[in-house]
Every structure is written in C-alpha cells, then in structure tokens.
Amino acid sequence: MDEKYFPENIENKWQQHWEQTKAFQATEDDPRPKFYCLEMLPYPSGFLHMGHVRNYSIGDALAWYKRLQGFNVLHPIGWDSFGQPAEQAAIKRGVNPRDWTEENITHMRGQLKRLGISYDWSREIAAHRPDYYKWDQWFFLKMYERDLAYKKKSPVNWCPREGTVLSNEQSSGGVCWRCGATVEKRDLEQWFLRITEYAEQLVEDIREIEAGWPEKVLKRQSDWVGRSEGAYVDFAVKDSDTKIRVFTTRIDTIFGATSIVLSAEHPLIDDLLAASPLKDEVMAFARKVTSEKTARGRVLEEDEQKEGINTGVLAVNPFSGESVPVWVANYVLMDYGTGAVMSVPAHDERDFEFAQKFSLTIRRVIERISHAQESIVHDSLSEDQSIAMPHAFTNYGILVNSGDWSGKLSQDAIVEMSRHAEQHGFGQAAVTFRIRDWGISRQRFWGAPVPIIYCEKCGMVPVPETDLPVRLPDHAEFTGSGESPLAGVADFVNTTCPTCGSGAKRETDTMDTFVDSSWYFFRYCDPHNESAPFDPEIVKQWTPVDQYIGGDSHAVMHLIYTRFWTKFMRDIGLVSFDEPVKKLLTQGMVTNRVEGTDEWKAMSKSLGNGVDPDEMIAAFGADAARLFILFAAPVENELRWLETGIEGAVRFLRRVYTMVWRWHERLSNIGITTPGEASSPGARALRRKTHQTIAKVTSDFEGLHLNTIVAALMELFNELSDFNADPGTASEGDVFAVHEALETLVLMLAPFSPHVAEEIWENLGHEGGLLKSAHWPQADPELARQEELEIPIQVNGKLRSRLLASPEVTEEELRTAALNDEKIRSLIDGHEVVKVIVVPQRLVNVVVR
RNA sequence: GCCGGAGUGGCGAAAUUGGUAUACGCACCAGACUCAAAAUCUGGCGAGGUCAAACUCAUGUCGGUUCGAGUCCGACCUCCGGCACCA
C-alpha cells in the first residue's frame, strides 16, 4: 500500500488481477441462487460516452451488491455491431465496415476495462459475426415457417437523408429516430414480422411486469399497441350491392352519423364512382391527397385544413334507414380500422370540424346525463334540424334522437347495438390495434442477410437451415445510392435453388438491427453454442433477466420487439415464460451545456458537448468518475455534467484511503475478534452509526437509490473521522470499532469504486483475498439502536424545544417531561392545554388555546 | 389539443406510515498551515431580525383537511417528456 492515493496504480493493479483470475466469470454449476444483471449492449461507434458510463456504473453497482450478497451473478456485455454508421464510414471514407467495426470494438472494450466494470468477458458477443447472425437468420426461418415473416408491397417509411427504410417504431412522430429527417412514404416490396399477431398479448401481459417496469414505459407501450374496442358496421350503398364497412368505438352515436367518409386511398372509390359524372373530379382529389401524404409521410400537418369532396353516392344507415352522403377526405387514415368512418359531427371533434367547414348536418344524439331529462322531452325536434353547438360533445351520456335506443346509457348502448348489428348481419363487435407489423427489410449491406432465394421455377424458397449462415461478402461497392450494396455483388446474388438446383438469386435485403438486439441476452447464457441459438436448459437457469438497465429512448423500439421475440420463442418451445425482463430501470440522460447557449442536451459529437471518459479516468481515476456519476443525481434523473463535482468524489476516496493508511498497520497486525469489554462511548456511537448505515444502504440498494447510498457512506466516514482515535494508543475496543467501520465502509464502497475498495480490503488483513468472495455486512439492530433519543416538543405544531429521553421512555413520561420543560412551561403559561399528542419515540405536540 | 411527470438554498439533491424541512456533496466565506499560491485541515453557510438570542417567514401560487402538510385533497401557474387527425 502506498502512502498516497494514486488511482492509476491501484486501478491497473486490480484490473490485471481480475483479468488474470477471470474474477467475474459466471458458471452454471454454482448452487447459489442466480441473478441476471443486464445493461443494454452498446453500438460500437468507436467511443464510449458518458451515457454508457452511467449505464454501466449503475449495472456494475448492482452486480457487485448481488455478488456480495451471495448470488451467482451473470453480468455480460456484447456489441450491437450491425448498423448504419459502419456503412456510412464505408461510403464516406472507403473503409471496410467489418474492419471499422472490429477496431471500434477493440477500443471500446479497452475503455470498459479501464472503467473496471465487472463483466464476464468470456461471454462477449458481437452481432456482426456469422456465429451470431446465423441465428438471426434461423429465427427468421422459424417465423417464415409459421407465416410470421412475410413479404408484401406496401408504403413504408423512408428516410431521405439516410436512404433507407425505417420501421414504424423508428419513425415515430414522422421523423427518423437516428437523424431526425422528415420521413417520406414509399411503395416497396418489404419483409415484415407479424408483431400484430401478438398485439393482444403485448397489452395483456403488461400485468405480469407492471410491478417491475416504470409506469412511463408501460404506458408508452400500451399506447403504441393502441388496443381499442368497438364495432364494424356495414353501410349499404344505395342502388348497388356494394357495402362500406366502417369501424367505430362509438356505435352509440350512430344515429348522429350524417355522412360516411372514405380515405383517399380507399379501394372502393373506383367502383363506387364507375358510373358517376363526378368520377374525374373525385379521382383527381384522391390522387392529390395521396401524393401529398406520401411527400410528408403523415396524413396532415399540424393545423392543416381538412379537405374533402362529396362523391354524390349515398349510403344507408342500417340502424336508422337514413341515407347519408359518401365523402372522400384527407383526414381519414387508410391503414387503421377499415379506411372508412361514419362521421358523427356532434360527438367527434374531427367530424365536427369537417362538418362545419362543409356545412354538413350536425345532429346531437348524446346528452349529458344531468340534461337528459330535458332533451328527451324535446325529442320531438325534427331529425334533420341542426343544433347549434360550439364543440363536439365527446363524453358518454344518454342517447337521444336515436329511435328505440333513446334513453339508454352510452355504455349499455354500445354493447347492445353491437349485438344488434351482429344479429342482423350488418356488423360485429371488434377490437383494433394501432400497432403495425414490424418492417425489417433494409436496403443495406451491414446487416444480417434475409435467408431467402428467388428461383424462376420454384418461386421464393427459404434457405435450408443446414446452409446457414448466409454470409455477407467481404467486399461490396458502397455508393450511397439507396440501392442495397449486396445487389451489386455477383458472387453473393447468384446461387442455386435449394429445391430444384437451377440458377437462382438471393434476397439482397438485410435485417433491421433491432432483430439482433431482440434476443441477444439469451445468447449470453450460452454464447458458443454451434447447433442452436442457445440450449433451453442453460437459458432456463439464468433467465428471465432480473434487472435490465438502459435509456428510455427504446421504450417502443427495442423493448417492445424483445417482448414480442420472447413470446415467439415461447411458442416454439425455447423458453417457458411470457416476459423476458422482470425489472427495468430507465436511467436518465447525461447532459452537458451546449457551448454558447443555455441549453442542456445529451452529450453528442455533433453538438460538441461530449466529455471523453478516458480523459476523466486519466484525470480523476475510474473509481472517482463512477462514484461521482452515481452520487450526483438519482439514477432516473437527468444528470447535468459539472466538472467540479467529481473532485468531491476524489477527495472522499482520498480521505478514506488516507484514513486506512493511518490505521492499516494496527488493523492488519492485530487479530481483533471481539469488541472488548469496556468500549468507550465514542466506540459505541461509531458502531451504532456503522450498523445504521448497513441497514440504510441495504434497503436503498433494493430500490436502486444509489445517490443516497453514497451520501450514507460519506456520513459514516465523517463519523469515523470525528471519532479521531490514535492508532498508536487506541484501546482494543476502539480498534475493533474502527476496524468494523472501515471494513463495512469498504464492502459497501466496492459497488461504486471497486479498485480502491480491493486495495483497502487487502490492507485490512485480507491478504490476497478478493472482495468478490466477501460477504455483505449484516446490520445488528441491537447495535444500531439509539441510546438516547432527541424528542422535539411542539406547541400548536411549532417546534419550541427538545428533550432527551431513553428509547424505553413511556408515553406518560414523555407527556410529563414535555409539560415540565422550562421553555414549554413559559409558553403555555396562561393558556388552556386542550390536549397533548405524544408520538412514541418521535415527538410531543402540546395543543393550547 | 390529449396523456404522463416534475417544481425544495447559489447548484446537484435529502426527508419511513403526514411527525425536528434543507442530510450528503458542490460552490462560496472566514481561519490555520505557507514567503506566497495550490493542496490539506478547522469553522460558517435558507431569508429577515439581533451584539447575541428570542422571534418571524420559507418546499411554484391560492385554498382545504389535520394537533401537525414538502408529503393528503381541490383549483391554478410554470417547466419537461410522450403522442398527435388511430374514428
């Protein structure tokens, strides 16, 4: 042990030691209970950023804590190494994506090791290696077999800046999740995974995880899946056999439907207008709306006016028999429900706005319950008389102007009218979802090739499992044109048909990288398996993940895909549970001031507000950097980076180190095993603080309140510092108390600053013994108990005095003592004591008048 | 517009079931050490008030419940995040 704290020496020493002894390797033949601690795997961009450091520091703290508590901890890491940036580097600088990626991994692995995160490096995986993406392809084939992977031509989200397709999840809000460009729609042949098949379960199973996941994430997922209950209703087209099917969640308002509105892309438009003189005009309108939508990637811009055109066709309301006009308008979505709606202006904001603009009939058919009496009386109002309303009334209420249904409650009417429609064959109750199938095709090189072959004779043929992996070629032309670079590699494209043996061509699309990350943490359990993605028996030992930690930016991307993937794996017998992750922590962003502004934004290269972890480590040490980042704010809060704070962390570690230096001779030479007979009051107080701290830290760990744990450790150290015994002359009892306090402090510091903790541990008489096999301290409630309590005394709820009492003091004694307190007596003198509230062990409140 | 979440010192933040508001740290101030500075150590640090105390006021604003409210209830203000014609 050096006299002074040199983080670099200590950190190098222990990192080497851990590496050589494979200290954090997890094995299956370990009888202790397992704990799977997982952090989101990084994309190997080349450099770790502070968000990573925070993510992995949190995860490592938990891994250490569980390890010390006696769990068999699995704490792995890997690389989400397929994806855009590697290909961009290839396009811009002509480097090979594989070389670029491997170099980045090498550098970042070094950074993680310099941080001293306790990973089991023997399980490291990387998505771009054939032994991994082989299994992406295998899963694809399994889905293909079950018709869960399919190809169709459809409008897809297109990022014009990156020249690639995006899934709905990746283009949420109409912008590219990566570059922020406005997304356009394009018609392309694309591969999709049928996530909609699992829509119901994705909502339903939220119940299984709601205790362990942030409400915020679950709500976003639930909104994203967008389950809604309603009904289909068929409106017959007048003088025709055609029917227009609409979807509505408010069938109770159907007597207020004063028009039918079709999406501009609705396939029926052609038929309906076949013989109409308005045909050309309507078709021109529909084409205009469709092309505008394609250009902007969404139906309408904010505040944009609704547009529509009357087709002249009439449809019959099956409930009322009324004929209503059929319109085509720009505000109706084709890919939700049926692409057609019944327009009820009185009870839907959008329909209201539309009806006002085009002077359509607005007929009120739902009344507030409190006004219902009056309205039912006025039910004699002529049916086509418009009622002046400032807004649509969208709440539930009581039906009026609704024939036989008038007087019913909305909730009842919805059930009964759906049933009625079904019985009479013009509709049925239905559930629709907002979520769409997951488009996974990418016209990209740097991804897992979709394992499909096109044969002129046999058509689309899946690559046989035995031929996997379909390997990426070593070289390709990177033009950035938007065409898949694979299409230009003849050796790759040209193949033979597995069925008939004649010449055939390969699919040149690769898969979305979110496929790789949907199941990677299962692969960690059995990372070198060559005959299956993993052995279900081994996976059973480790999964589900006990704690997952990452940013909430993946709330509706990765985190919904991986839930889907798990359910699929369950259905093919690979796992036996519905949900892959028991507890999820979404850590806050690390932000820094953008130079020259007052804005705090996530650190990024493009904003120039990044902080290099290596510089932090060089300047302050990994231990201090990690300690600070966990201390500075609660884990779920945004963390605003302030350089000054980290020096406080260094100071703290240096003080602890110096304290140990002062004591280590005495502590390592004496085999102290008992607290000694006559312990001093100071020693008793120190031991009390020690055991109180153990209790607090242990309970805070359960809720991952890491910032308050660090505060508690600092408090314990301050107490130790104040104790101020002299190592040369201290009594055996005092030495015992110091030893206990230091050992406890170091054990509890290990999850935050493991290197210096190891160094100190070694010097507290644990020569060569690694902390990882030590045991988390136990709080002794007897020792933690206060010898004397300070009881505040209030008069009318205001603090006026305090008194000291033993913990055994009775309520009656407290009451008497409070009333006899000199200060209290003078305050209540001349007043009537109405009552005295005594909260045992806590306070006394004297109520006077 | 709709749906969430949050407002506590100069700053990051603490505060069992409602029970001593501001723990811990940063910054700052003073002192010690030093020729000096840095580092380190000691002390101070919500506002007003006082020589010092007493006391008064403070957890976004207003009101309510309670012996007692940062915490519970109601209304409002501000900020942040998500979704956005999903019928």
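Keep in mind it's a predicted model, so treat the numbers as computed, not measured. Residue numbering restarts at 1 for every chain, and letters A, B, ... go by the order of the sequence lines.
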Using a 4.0 Å heavy-atom cut-off across all strands, classify [X] as base, sugar-phosphate, or nothing.
{"X": "A:D223", "value": "nothing"}
{"X": "A:V556", "value": "nothing"}
{"X": "A:D335", "value": "nothing"}
{"X": "A:E349", "value": "nothing"}
{"X": "A:N637", "value": "sugar-phosphate"}
{"X": "A:G648", "value": "sugar-phosphate"}
{"X": "A:S228", "value": "sugar-phosphate"}
{"X": "A:S343", "value": "nothing"}

(message) Taking the six-membered ring of A:F354 as reference, does the cationic atom of A:K306 (NZ for Lys, CZ for Arg) lie under 6.0 Å from its centre and within 45° of its axis?
(response) no
(message) Under 6.0 Å from the ring centre and within 45 degrees of the ring axis: does the NZ or CZ of A:R364 meet both conditions for the six-membered ring of A:F393?
(response) yes
Whole angstrom value for the distance that separates [atom2] of [N] from [atom1] of [X]:
{"X": "A:H554", "N": "B:rG82", "atom1": "NE2", "atom2": "C1'", "value": "16 Å"}
{"X": "A:F631", "N": "B:rG25", "atom1": "CZ", "atom2": "C1'", "value": "4 Å"}
{"X": "A:R434", "N": "B:rC3", "atom1": "CZ", "atom2": "P", "value": "14 Å"}
{"X": "A:E636", "N": "B:rG4", "atom1": "CD", "atom2": "C1'", "value": "16 Å"}
{"X": "A:E215", "N": "B:rG5", "atom1": "CD", "atom2": "P", "value": "6 Å"}
{"X": "A:E638", "N": "B:rG82", "atom1": "CD", "atom2": "P", "value": "12 Å"}

When rounded to the nearest Å, what value does the distance between [atom1] atoms of [N] and [M] take?
{"N": "B:rC24", "M": "B:rA13", "atom1": "C1'", "value": "8 Å"}
{"N": "B:rU71", "M": "B:rU20", "atom1": "C1'", "value": "15 Å"}
{"N": "B:rC73", "M": "B:rA87", "atom1": "C1'", "value": "36 Å"}
{"N": "B:rG10", "M": "B:rC28", "atom1": "C1'", "value": "8 Å"}
{"N": "B:rG18", "M": "B:rA69", "atom1": "P", "value": "13 Å"}
{"N": "B:rC45", "M": "B:rG25", "atom1": "P", "value": "15 Å"}
{"N": "B:rG64", "M": "B:rU78", "atom1": "C1'", "value": "23 Å"}
{"N": "B:rU42", "M": "B:rA47", "atom1": "P", "value": "24 Å"}

(request) Indicate whether the side chain of A:E638 and that of A:T591 have a donor and an acceptor atom separated by less than 3.5 Å. (result)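 Yes - a donor-acceptor pair under 3.5 Å links their side chains.
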Of the listed nucleotides ([options]), which one gets closest to any side-chain atom of [X]?
{"X": "A:L642", "options": "B:rC11, B:rA14, B:rA87", "value": "B:rC11"}
{"X": "A:K219", "options": "B:rC24, B:rG4, B:rC83", "value": "B:rG4"}
{"X": "A:A632", "options": "B:rG12, B:rA87, B:rC57", "value": "B:rG12"}
{"X": "A:P634", "options": "B:rG5, B:rA14, B:rA39", "value": "B:rA14"}
{"X": "A:R651", "options": "B:rU40, B:rA87, B:rC67", "value": "B:rU40"}
{"X": "A:T708", "options": "B:rA15, B:rA39, B:rA87", "value": "B:rA15"}
{"X": "A:R800", "options": "B:rU56, B:rC83, B:rG25", "value": "B:rU56"}
{"X": "A:N707", "options": "B:rC11, B:rA13, B:rC24", "value": "B:rA13"}
{"X": "A:K798", "options": "B:rC26, B:rC57, B:rG25", "value": "B:rC57"}
{"X": "A:M714", "options": "B:rA87, B:rG25, B:rC83", "value": "B:rG25"}

(message) Looking at B:rC83, which nucleotide sits across from it as a Watson-Crick or G-U wobble partner, both distances under 3.5 angstrom, or is there none?
(response)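 Pairing partner, where one exists within any strand: B:rG1.
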(request) Name the pairing partner of B:rG7, where a pair is Watson-Crick or G-U wobble with both distances under 3.5 Å, or state none. (result) B:rC77
(request) If the glycosidic angle is within 90 degrees of 0 it's syn, otherwise anti, so just tell me which one B:rG74 is. (result) anti
(request) Evaluate the criterion side-chain contact (heavy atoms from CB on, under 4.5 Å) for residue pair A:E169 and A:H558; output intermediate values, then yes/no. (result) CA-CA 9 Å; A:E169 287 78 5; A:H558 166 58; over 6 Å; no
(message) Surrounding CD of A:E702 (heavy atoms of other residues, nucleotides or ligands, distance under 6.0 Å), is the total greater than 12?
(response)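 Yes, because the 6.0 Å sphere around CD of A:E702 holds more than 12 heavy atoms from other groups.
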(request) Select from A:I791 and A:N796 the residue whose nearest nucleotide in RNA chain B is closer to the 5' end of that strand. (result)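 Residue closer to the 5' terminus by nearest nucleotide: A:I791.
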(request) From the options A:Q794, A:R802, A:E790, select the one residue that forms a side chain to side chain contact (heavy atoms under 4.5 Å, CB included) with A:L843. (result)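 Going through A:Q794, A:R802, A:E790 one by one, the side chain to side chain contact (heavy atoms under 4.5 Å, CB included) with A:L843 is satisfied by A:Q794 alone.
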(message) Does A:F628 form a ring pair (Phe, Tyr, Trp, His ring centres under 6.0 Å) with A:W641? I'd like the steps, not just the answer.
(response) CA-CA 10 Å; A:F628 167 67; A:W641 191 258; 5.5 Å; yes
(request) Hey, could you give me the CG/CG distance between A:L686 and A:D722, rounded to the nearest 0.5 Å? (result) 10.0 Å
